[in-house]
J.: 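This is the structure, below, for whatever I ask next.
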Amino acid sequence: MKFSQLLIPTLKEAPNEATLPSHIYLLRGGFIQSVGSGLYNFLPLGKRSLDRVQKVIKEELDKAGAQEVSLSFVTPASFWIESGRFEKYGKELLRFKDRKDSDFVLGPTHEEMMVNLVKQTVKSYKQLPLNLYQINLKFRDEIRPRFGLMRGREFLMKDGYSFHANEADMKREFDLMEATYKKIFTRLGLDFRVVEADSGAIGGSGSKEFMVLADSGEDTIVVCENCQYGANIEAAIRQPKEFAYDTNSEFKKVHTPNTTTIEEVSKFLDISADYIMKTVAKKALYDGGRSEIVLFVIRGSDTLEETKACNAVCANEIVDISDKELFDAGLVAGYMGPLNTPKNIRIVVDDSLKDASGMVSGANEADCHLVGASSDQIENPLYKDIVAVQENDRCSCCGGRLYYTKGIEVGHIFQLGTRYSEPLKAEFLNEQGKTQPFVMGTYGIGVSRLLAAIIEQHHDERGCMWTKESSPFDLVIIVSNIKDELQSKVGQELYSKLSEMGVAVLLDDRKERFGFKMKDFELIGIPCTVVVGQKLHEGKVEIVMRQNLQPQEIATKDVVTRLKEEFKW
RNA sequence: CGGAGUGUAGCGCAGUCUGGUAGCGCACCUGGUUUGGGACCAGGGGGUCGAAGGUUCGAGUCCUUUCACUCCGACCA
């Protein structure tokens, strides 16, 4: 394609709403255009990159035996009501009515739809297994869209669903998808990590996330410096710590004025935060608008992991409680504890506090704490893992040191089991002739997010640096001075020759000065350019790689061969 | 939703405190010069100053309401 004919509106200055490198460079390079909060148009360059990333995904999935379909974007709400997610999904689900006043949703993910498709067509175990996927628009009415393509409301996603006759076969497919995803992200040139994850609103058990490592990532992931263990902070676990308890301390109430924080209590009573039972009150929200106050009890030196807390009580969401609500419930902020609590308040205790004694806790009374308390005094405790793993904790696999890093979630695979097939009555006849629900897996890739992730990981202060299989073009030919007939002619010839070879070439034939075109090359970030310029009179052109920007002179007649070698075209 | 901030030409901004002809840089159009690191000269086009209402002889500027966007927290591919 010729640059002079393409719509590539590059910008010298970035619109001020952009803060992340990927957002800034995608806007400045003319890849995307903002149309509203979390909504973007893809311009020719952006569309080309998107297509190439999709091509990689499709090739690998097809090789793994998955089949592509395309599901209706608008989904009848009845499917969602049936699966129970109409409520559970919350406000992110965009709902609307058609002219006949029927309810519809704009699909944020398509488990219901796909289950329905398969339910109508697959009746026997002989038709299994099946892995169907699509690459389609999704819409999630995010609370706070941000970071450009990273968290848009409308986005392109690959979502795949597999159907099996039994658990073992589903696990086989799950492993195959993990391997396939690794191939995809490797081909795209990404530095990523596969981590254990929380299953969130999709449901099911055993899920893994694919995290592109980048400082701007929105997820905190815990990784081991020693082994391959990696997990999202929401699901990370650690080796239990050993504590020596003072079993002789007398259980009593002590006066502790002005000690509403763990540090203050720790200092006042001269006791390590490890031996304080920190009590965090949250409000858990359930279906049907039902809610309750829950006390989460953890060690003073730990912090509550909200996702784990939410899962522990099977809530849709847990939220902070206002001082008034606390007061109304008979709780005293700063002096809460798991003992002597008002009636009917659910108490969840962290696993690490099992058998803890000689502990300090709030007395549920202003300016008072209890000392010498033990966890077996707690009435009806629900023991769960609810704390966040901290840096320098020990790995549960190998005992190695754990540390935090940031990641961008670009893929997520789930072992669903019968989470959807059962309520949606998607069943088949097994070998024994008995009716049985499908055992399912589901697999997602954020396709448009991948563009942002690639740039987050591959850019410098001049602009984008696309990886080989994600770049909108393979090569740019810059004709330094378009008015120089020889330069123009050689540029054209090179362009024709390479195009015929099937190389995606962009010919920068604009009537602009050399520096201007170089700046655009650097901003757009195509991996390589051939500069046809002054050196032409010596029979030479230059090859410049976007990686290092070091020009290499080469005889004009050898350039095609050289590029062939370099890129294995 | 809570907290903070911003809306003036396609983009980046000044002007708002102290009311009096809507400005600058980039981009765009025409002509000319220039041609290896975002050129120069001359001329030109483009704005309901986010929206509505109010105060005033007069509002980008003051008052009220409202909308949008961005940033920090709770959501997720």
Side-chain angles (χ1 to χ4, degrees), chain A residues 9-20 23 27-28 30 33-39 89-93 108-110 135-160 181 197-202 207 209-212 217-219 232 234 282-283 285 306-307 310 316-320 322 407-414 442-453 462-463 478-484 487 510-523 531-536 542 544 549 551:
Chain A
T10 57
L11 300 168
K12 208 167 186 173
E13 286 169 296
N16 65 2
E17 73 248 24
T19 51
L20 283 196
H23 193 188
L27 284 169
R28 281 193 51 205
Q33 186 183 53
S34 162
V35 280
S37 184
L39 305 172
Y89 220 93
K91 286 187 180 161
E92 266 161 64
L93 187 60
T109 165
H110 281 148
I135 298 178
N136 244 345
L137 274 183
K138 300 286 177 288
F139 190 92
R140 291 184 189 169
D141 202 354
E142 293 279 348
I143 305 167
R144 184 146 101 82
R146 58 184 132 172
F147 303 146
L149 294 185
M150 199 77 92
R151 179 173 298 282
R153 289 194 291 175
E154 185 180 279
F155 58 100
L156 194 65
M157 175 167 141
K158 171 263 160 180
D159 49 326
Y181 275 32
D198 173 64
S199 299
I202 309 281
S207 86
E209 284 169 334
F210 293 76
M211 292 286 188
V212 170
E218 294 184 81
D219 287 278
N232 192 305
E234 297 171 352
K282 293 276 176 185
K283 188 156 72 173
L285 308 181
E306 297 211 4
T307 303
C310 187
N316 291 343
E317 203 183 339
I318 60 170
V319 295
D320 289 342
S322 66
I408 301 166
E409 184 187 356
V410 291
H412 200 158
I413 57 178
F414 300 79
T442 179
Y443 320 96
I445 294 179
V447 183
S448 44
R449 175 181 284 182
L450 265 173
L451 294 197
R462 293 161 187 258
I478 294 181
V479 176
S480 178
N481 181 358
I482 204 77
K483 282 192 179 165
D484 180 313
Q487 285 183 22
R510 291 174 301 168
K511 196 186 149 196
E512 295 288 352
R513 308 180 115 231
F514 175 72
F516 190 87
K517 296 185 193 180
M518 278 306 282
K519 289 285 183 208
D520 269 353
F521 160 69
E522 288 158 3
L523 176 61
V531 177
V532 181
Q534 288 174 338
K535 295 272 157 56
L536 200 56
E542 287 154 287
V544 182
L549 298 175

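Chain A is the first sequence line, chain B the second, and so forth, proteins listed ahead of strands; every chain is numbered from 1.
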J.: Do we see a donor-acceptor contact under 3.5 Å between the side chains of A/D520 and A/T10?
T.: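 A pair is found: one side chain offers a donor N or O, the other an acceptor, under 3.5 Å apart.
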
J.: Report yes if some heavy atom in the side chain of A/D159 is under 4.5 Å from a heavy atom in the side chain of A/K138; otherwise report no.
T.: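 Side-chain contact under 4.5 Å: yes.
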
J.: Base, backbone or nothing for each nucleotide of nucleotides 3-9 of chain B, written B, S, -, heavy atoms under 4.0 angstrom, 5' to 3'?
T.: -------

J.: Using whole Å, report how far CD of A/E512 lies from C1' of B/A27.
T.: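 Computing the A/E512:CD to B/A27:C1' distance gives 11 Å.
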
J.: Rounding to an integer number of Å, can you tell me how far A/R144 CZ sits from B/A74 C1'?
T.: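 After rounding, the gap between these two atoms is 10 Å.
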
J.: Heavy-atom nearest nucleotide on RNA chain B for A/P15 versus A/N481: which residue maps closer to 5'?
T.: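 Whichever sits nearer the 5' end wins; that is A/P15.
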
J.: Partner lookup for B/A4, please. Criteria are Watson-Crick or G-U wobble with both distances under 3.5 angstrom; report none if nothing qualifies.
T.: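 B/U70 - that is the nucleotide pairing with B/A4, both distances being under 3.5 Å.
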
J.: What interatomic distance, in whole Å, is found between C1' of B/G44 and the corresponding atom of B/C49?
T.: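 It comes out at 23 Å once rounded to the nearest Å.
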
J.: Measuring only between side-chain heavy atoms, which start at C-beta, is A/K12 closer than 4.5 Å to A/K519?
T.: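 Side-chain contact under 4.5 Å: no.
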
J.: To the nearest Å, how far apart are A/K158 NZ and B/A77 C1'?
T.: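 Spelled out: NZ on A/K158 to C1' on B/A77 is 11 Å.
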
J.: Considering only atom C1', compute the distance from B/U21 to B/G25 and round it to an integer number of Å.
T.: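 Their C1' atoms lie roughly 23 Å apart.
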
J.: Expressed in whole Å, how much space separates the P atoms belonging to B/A4 and B/U48?
T.: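 31 Å, rounded to whole Å.
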
J.: Would you please confirm or rule out a distance under 4.0 Å between OP1 or OP2 of B/C71 and any side-chain N or O of A/T19?
T.: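 Looking at the OP1 and OP2 atoms of B/C71, one of them is under 4.0 Å from a side-chain N or O of A/T19.
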
J.: Between B/U18 and B/C76, how far apart are the P atoms? Round to whole Å, please.
T.: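 Roughly 49 Å separates the two P atoms.
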
J.: Apply the test side-chain contact (heavy atoms from CB on, under 4.5 Å) to residues A/L285 and A/V319: give CA-CA distance (whole Å), side-chain angles for both, the deciding distance (0.1 Å), then the verdict.
T.: CA-CA 8 Å; A/L285 308 181; A/V319 295; 4.2 Å; yes

J.: Nucleotide by nucleotide, 5' to 3', does protein get under 4.0 Å of the base (B), only the sugar-phosphate (S), or neither (-) in nucleotides 36-49 of chain B, counting heavy atoms?
T.: BBBB----------

J.: So, are A/K282 and A/D320 salt-bridged, with charged N and O less than 4.0 Å apart?
T.: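 The answer is yes: the pair qualifies as a salt bridge.
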
J.: Measuring from A/L536:CG to A/Q487:CD, what's the distance to the nearest 0.5 Å?
T.: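 Output value for this atom pair is 6.0 Å.
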
J.: How far, in whole Å, is B/U65 from B/G47 if one measures between their C1' atoms?
T.: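 Straight-line distance between the two C1' atoms is 25 Å.
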
J.: Round to a whole Å and report the spacing from CD1 of A/I408 to P of B/C76.
T.: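 Answer to the nearest Å: 18 Å.
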
J.: Could you give me the CA-CA distance, side-chain angles and deciding distance for A/Q534 and A/F514, then say whether side-chain contact (heavy atoms from CB on, under 4.5 Å) is met?
T.: CA-CA 11 Å; A/Q534 288 174 338; A/F514 175 72; over 6 Å; no

J.: Measure NZ/A/K283 against P/B/C1 and give the value in whole Å, please.
T.: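 Rounded to whole Å, this separation is 16 Å.
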
J.: Could you check how far CD1 of A/I478 sits from C1' of B/U35, rounded to whole Å?
T.: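 About 14 Å, once rounded to whole Å.
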
J.: Rounded to the Å, how far apart are A/F210 CZ and B/C76 C1'?
T.: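 Those two atoms, CZ and C1', are 17 Å apart.
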
J.: Find the distance A/I143:CD1 to B/A74:P and express it as a whole number of Å.
T.: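 Those two atoms, CD1 and P, are 10 Å apart.
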
J.: Given that A/A18 and A/L149 both sit by RNA chain B, which one's nearest nucleotide is further toward the 5' end?
T.: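 That would be A/A18.
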
J.: Given that both distances must come in under 3.5 Å, which nucleotide forms a Watson-Crick or G-U wobble pair with B/U48?
T.: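 Matched B/U48 with nothing under the 3.5 Å cut-off.
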
J.: Please determine whether a side-chain nitrogen or oxygen atom of A/R146 lies at a distance below 4.0 Å from atom OP1 or OP2 of B/C69.
T.: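 No, because none of the side-chain N or O atoms of A/R146 sits under 4.0 Å from OP1 or OP2 of B/C69.
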
J.: Roughly how many Å apart are B/C11 and B/U56, using the C1' atom of each and rounding to a whole number?
T.: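 To the nearest whole Å, 36 Å.
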
J.: Kindly give the heavy-atom pair with the smallest separation between A/R140 and A/F155, and that separation in Å.
T.: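 Nearest heavy atoms, A/R140 then A/F155: NE-CZ, 3.8 Å.
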
J.: Check whether the side chain of A/R151 and the base of B/C76 form a donor-acceptor pair under 3.5 Å.
T.: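 Pair found.
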
J.: What is the ring orientation for A/Y181 with A/Y443, classed by angle as parallel under 30°, tilted 30 to 60°, or perpendicular over 60°?
T.: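 Ring orientation of A/Y181 relative to A/Y443: perpendicular.
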
